There are 2 protein chains.
Amino acid sequence: MRRDIFQAIADPTRRAIIALIALQAMTPNAIAENFNTSRQAISKHLRILTECELVKQEQQGREIYYSLEIEKMKEIDKWLEQYRKIWKNQFNQLDEVLTKLKTQKK
Amino acid sequence: MRRDIFQAIADPTRRAIIALIALQAMTPNAIAENFNTSRQAISKHLRILTECELVKQEQQGREIYYSLEIEKMKEIDKWLEQYRKIWKNQFNQLDEVLTKLKTQKK
DNA sequence: AATATACGCAACTATTTGGTTTCGCAATTT
DNA sequence: AAATTGCGAAACCAAATAGTTGCGTATATT
């Protein structure tokens, strides 16, 4: 039972759930209406998302509202950072080449 | 056989491979030395990474050098962008509250 | 030419995963 | 109080996954 954020976002249904509840909290039934799977299947996805803290719940009577824990998304951003450095660096190197070519032209 | 980038980075070994070859191209054997699994297992991971174009190969004699296709990493960045907007927005809202408190103090 | 090395590929296996069905419990509604 | 609704949890199943073992092939070394 791996339960890390990368494994959580690997499933396309889970990414769609994340997108759905990013702007407003929703109940499992309301979420399930947007897919053609059962409420239980969505519930399982929500459990995985909750376990890795990508999603938080708030009980309201007999309904449970799920919403995105946006802070957790920053972890992916943090992981990407090392690679962003690489592609920015490559861009700068390309930029250098271009300016060098420019000055040679003059 | 799903073969998208999110599924590719879901596996921790594959993320480690990506980190390894990000800065320099490496052969499967050289990569495998950094893990305690077989060369074949690494080869399978490399195949998955290659199939979703996260990694490119370059044959050199009987050796094949694998390196990161950094451009593909931007796809994750692109996906994150929508959520980055949300957390930046939340930060701005917090900022507004703070400046409001400040002016009220004065 | 014979051997060794670097590798991909296919077959097989154990485990994990996404899904369904069935159940039970708590909060509403009637 | 009885029926309904919203939900999580457990049991079960088919498909996918990560790994192993055993090839075959091309390049390099002797």
Side-chain angles (χ1 to χ4, degrees), chain A residues 1-21 24-69 72 76 79, chain B residues 1-21 24-69 72 76 79:
Chain A
M1 236 185 257
R2 269 185 290 145
R3 215 105 283 186
D4 79 9
I5 198 175
F6 293 100
Q7 204 266 332
I9 63 163
D11 185 83
T13 306
R14 281 196 292 268
R15 285 203 302 281
I17 293 176
I18 289 174
L20 254 181
I21 64 173
Q24 53 173 344
M26 290 175 81
T27 64
N29 269 322
I31 296 167
E33 275 169 21
N34 293 275
F35 301 91
N36 37 359
T37 57
S38 65
R39 197 253 319 155
Q40 281 86 342
I42 298 297
S43 242
K44 272 182 91 171
H45 284 306
L46 285 170
R47 195 161 76 103
I48 290 166
L49 290 169
T50 306
E51 274 173 18
C52 73
E53 294 172 303
L54 250 173
V55 146
K56 57 175 180 276
Q57 2 180 334
E58 199 190 336
Q59 184 115 21
Q60 227 170 88
R62 67 182 166 189
E63 292 181 326
I64 300 174
Y65 283 87
Y66 286 86
S67 60
L68 183 62
E69 192 74 79
K72 194 71 178 184
I76 302 166
W79 174 77
Chain B
M1 234 184 257
R2 269 185 290 144
R3 215 107 283 184
D4 78 9
I5 196 175
F6 292 101
Q7 205 267 333
I9 62 163
D11 186 85
T13 305
R14 280 196 292 267
R15 285 201 302 280
I17 292 176
I18 290 173
L20 253 181
I21 63 173
Q24 54 175 343
M26 290 174 81
T27 65
N29 269 322
I31 296 168
E33 276 169 19
N34 293 274
F35 301 92
N36 36 0
T37 56
S38 66
R39 197 252 319 157
Q40 278 89 340
I42 298 296
S43 243
K44 272 183 90 171
H45 284 305
L46 285 171
R47 195 160 77 103
I48 290 167
L49 291 169
T50 306
E51 274 173 19
C52 74
E53 295 172 302
L54 250 172
V55 147
K56 57 174 180 278
Q57 2 179 336
E58 200 190 336
Q59 184 115 21
Q60 227 170 87
R62 69 182 165 187
E63 293 181 327
I64 299 175
Y65 282 86
Y66 287 86
S67 60
L68 184 61
E69 192 73 79
K72 194 71 177 183
I76 302 165
W79 175 77

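In the text below, chain A, chain B and the rest are named by the order of the sequence lines, each starting its count at 1. The model shown is predicted, which means the values in this text are computed figures rather than measured ones.
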Residues 27-42 of chain B, side-chain donor-acceptor partners within the protein, below 3.5 Å, at least two apart:
unit_1  : atom_1 : unit_2  : atom_2 : d
B:Thr27 : OG1    : B:Ala30 : N      : 3.3
B:Asn34 : ND2    : B:Ala30 : O      : 2.9
B:Asn34 : ND2    : B:Ile31 : O      : 3.4
B:Ser38 : OG     : B:Ala41 : N      : 3.1

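- For A:Lys44, there are no side chain to side chain donor-acceptor pair (under 3.5 Å) partners, not counting sequence neighbours.
- With hydrogens and angles ignored, a donor-acceptor pair closer than 3.5 Å exists between the side chain of A:Arg39 and the base of D:dG8.
- Remark on DNA chain C: of its neighbouring residues B:Met26 and A:Thr37, the 5'-side contact belongs to B:Met26, judged by nearest-heavy-atom nucleotide.
- The separation between A:Glu33 atom CD and D:dG6 atom C1' is 12 Å, rounded to whole Å.
- Considering only heavy atoms from C-beta on, B:Phe6 stays 4.5 Å or farther from A:Phe6 through its side chain.
- Atom pair B:Arg3:CZ and D:dA18:C1' shows a separation of 11 Å (rounding to whole Å applied).
- Within the 4.5 Å cutoff, side-chain heavy atoms of B:Glu51 are placed close to those of B:Arg3.
- Here the straight-line distance linking atom NZ of B:Lys56 with atom CG of B:Leu68 works out to 7.5 Å at 0.5 Å rounding.
- The side chain of A:His45 places an N or O atom within less than 4.0 Å of a non-bridging phosphate oxygen (OP1 or OP2) of C:dG19.
- Between C:dG8 and B:Ser43, a contact under 4.0 Å exists linking OP1 or OP2 to a side-chain N or O.
- Taking B:Arg15 as the reference, A:Asp4 meet the side chain to side chain donor-acceptor pair (under 3.5 Å) condition, with sequence neighbours excluded.
- One interatomic measurement links the two molecules: CG of A:Leu46 to C1' of C:dG18, which rounds to 14 Å at whole-angstrom precision.
- Listed in residue order, the members of residues 55-68 of chain A having a heavy atom less than 4.0 Å from DNA chain D are A:Arg62, A:Glu63, A:Ile64, A:Tyr66.
- The side chain of A:Thr13 contributes no N or O atom lying less than 4.0 Å from OP1 or OP2 of C:dG18.
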With 3.5 Å as the limit, what N/O pairs link the protein to nucleotides 10-14 of chain D?
none

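- The distance between atom CD1 of B:Ile48 and atom C1' of D:dA18, rounded to the nearest whole Å, is 8 Å.
- Within the 4.5 Å cutoff, side-chain heavy atoms of B:Ile21 are placed close to those of B:Met26.
- At D:dT20, one or more side-chain N or O atoms of B:Ser38 fall inside 4.0 Å of OP1 or OP2 (strictly under the cut-off).
- Of the side-chain N and O atoms in B:Asn29, one or more sit less than 4.0 angstrom from OP1 or OP2 of C:dC7.
- Remark: B:Glu63 engages B:Tyr65 in a side chain to side chain donor-acceptor pair (under 3.5 Å) (not counting sequence neighbours).
- Residues A:Leu54 and A:Ile48 form no side-chain contact, since every pair of their non-hydrogen atoms from C-beta on lies 4.5 Å or further apart.
- The phosphate of D:dA16 has neither OP1 nor OP2 within less than 4.0 Å of any side-chain N or O from B:Gln7.
- Atom CD1 in A:Ile42 sits roughly 15 Å away from atom C1' in C:dT17 (whole-Å rounding).
- Atom C1' of nucleotide D:dA18 and atom CG of B:Asn36 are separated by 14 Å, given to the nearest angstrom.
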